[in-house]
Amino acid sequence: MAFLAVFAMALSMAAGRLADRWSDALAQSSTIRISAPPAEMEAQTWAVLTVLEQTPGVESARALSDEDQQALLAPWFGPDLPLDDLPVPQLIEITETADGYDADGLRQRLAAEAPGAVLDDHDRWRRPLAEAAGRLRVLGWLALVLILGATGAMVTLAAQSALSANEQVIRVLRLVGARDSYIARAFVRRFTIRALTGAALGVIVGLLAVAILPSARDTAAILTGLSFSGAGWFWPLIIPPLAGATAFAATRIAAFRTLRSLQ
């Protein structure tokens with residue numbers, strides 16, 4: 001269970017980092033798309049660049065060259081796409097300042113100066129990514145809670161079975177004056193130590209397995225980088241104490257409940 005908890009934690013953190021990275025990459029950038037007849041394309045492009053130079057909050061703006069646009073389309077259409085024969089819109093890349101610009105005001109100015117220009121501030125892309133990052137983190141912690149719950153259930157069943165199997169020993173201990181708290185303490189101590197030891201071994205194996213997975217530097221695939229980063233490597237260390245606390249509580253409750261039933 002600790003092994004699975006490590007992977008659940010790594011997956012949630014890695015997915016959250018990926019969504020945050022995409023969101024941050026789009027946070028201070030936007031694009032203007034100009035769709036106009038070829039005869040008007042250059043004039044509208046210069047009009048848009050002029051408007052952007054006069055817009056507060058715009059750090060820089062540049063019109064993408066044919067080579068840049070072909071590089072953007074190459075992953076989908078191949079490197080030999082004939083842009084001259086296709087009505088490809090002109091793209092203008094905008095880099096914002098930290099304060100940003102007034103998107104509604106810019107749209108109104110573009111509508112007046114360049115009717116074929118459409119502003120895309122990436123908000124429709126950025127918001128879902130930010131929401132996905134938060135939800136993935138919540139799902140990761142929820143998976144950890146479910147794993148702890150399953151651990152508690154298994155420890156409870158094991159403790160009840162152990163107490164029932166030692167019914168005769170418990171009766172003898174009671175005859176010689178042992179209290180239920182003393183008897184329960186023996187079972188609680190044994191199961192808590194076993195849970196701590198097993199969780200620690202599971203965390204060690206899980207961290208080793210995560211460490212040997214391909215990193216994001218090895219390949220650009222979307223499912224790589226399933227790992228921890230920086231101080232995130234210390235987060236799995238909370239799993240053994242949580243497992244031990246869960247085993248302690250579950251065993252203590254199960255022990256006293258079973259001892260009462262054996263009276």
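When all heavy atoms are compared, the tightest approach of Val188 to Thr251 is CA-CG2, 3.6 Å. Scanning all heavy atoms of the two residues, the minimum distance from Val6 to Pro236 falls at CG2-CB, 4.2 Å. Of all non-hydrogen atoms in Ser30 and Glu96, the two that sit nearest each other are OG-OE2, 3.8 Å. Considering every non-hydrogen atom in both Leu49 and Ala63, the closest pair reads CD2-N, 4.3 Å. Smallest separation of non-hydrogen atoms from Ala254 and Thr156: CB-CG2, 3.8 Å. The two residues Ala247 and Ala195 come nearest to each other via the heavy atoms CB-CB, 3.4 Å.
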Any chance you could lay out the side chain to side chain contact (heavy atoms under 4.5 Å, CB included) test for Leu163 and Ile170, step after step, and finish with the verdict?
CA-CA 8 Å; Leu163 287 164; Ile170 292 172; 3.8 Å; yes

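At a threshold of 4.5 Å between side-chain heavy atoms, the hydrophobic network of Ile, Leu, Val, Met, Phe, Trp and Tyr places Leu196 and Val203 in two separate groups. Grouping the Ile, Leu, Val, Met, Phe, Trp and Tyr side chains by contacts below 4.5 angstrom, directly or via other members, places Trp141 apart from Val138. Linking Ile, Leu, Val, Met, Phe, Trp and Tyr residues whenever their side-chain heavy atoms come within less than 4.5 Å places Val58 and Val48 in a single cluster. Using a 4.5 Å cut-off between side-chain heavy atoms of Ile, Leu, Val, Met, Phe, Trp and Tyr, with links allowed through other members, Met154 and Leu4 fall into the same hydrophobic cluster. Phe7 is connected to Leu242 through a chain of hydrophobic side-chain contacts under 4.5 Å among Ile, Leu, Val, Met, Phe, Trp and Tyr, so both are in one cluster.
Here the CD1 atom belonging to Ile253 is positioned 11.5 Å from the OG1 atom belonging to Thr258, to the nearest 0.5 angstrom. With values rounded to the nearest 0.5 angstrom, Leu144 atom CG is found 11.5 Å from Met1 atom CE. Between the CD1 atom in Ile92 and the CG atom in Leu110 there is a gap of 8.5 Å [rounded to 0.5 Å]. Rounding to the nearest 0.5 Å gives a distance of 11.0 Å between CD1 of Ile147 and CZ of Phe3. Ile204 contributes atom CD1, which lies 9.5 Å from atom CG of Leu237 (distance to the nearest 0.5 angstrom). Note that CD of Glu167 and CZ of Arg171 are 4.5 Å apart. Values are rounded to the nearest 0.5 Å.
When side chains are defined from C-beta on, Tyr101 counts as touching Leu119, because their heavy atoms get closer than 4.5 Å. Counting only heavy atoms from C-beta outward, the side chains of Ile32 and Ile94 approach each other to under 4.5 Å. You'll find the side chain of Leu106 reaches within 4.5 Å of the side chain of Leu52, heavy atoms only. The shortest side-chain heavy-atom distance between Gln160 and Leu157 falls under the 4.5 Å cut-off.
Around atom CZ of Arg190, more than 12 heavy atoms belonging to other residues, nucleotides or ligands sit under 6.0 Å away. For Trp233, the CH2 atom is densely surrounded, since the number of other residues' heavy atoms within 6.0 Å is greater than 12. For CZ of Arg107, the number of neighbouring non-hydrogen atoms (other residues, nucleotides, ligands) closer than 6.0 Å is greater than 12.
Residue pairs satisfying the salt bridge (charged side-chain N to carboxylate O under 4.0 Å, His left out) criterion with at least one member in residues 50-63, sequence neighbours excluded, are listed as follows: Arg62-Asp68, Arg62-Glu93.
Below 30°, between 30° and 60°, or above 60°: for Phe187 and Phe191 the angle between ring planes is below 30°, a parallel geometry.
A donor-acceptor pair under 3.5 Å links the side-chain atoms of Gln90 to the main chain of Leu64, judged by distance alone. Put simply, the side chain of Gln44 never gets that close to the backbone of Ile34: no donor and acceptor are under 3.5 Å apart.
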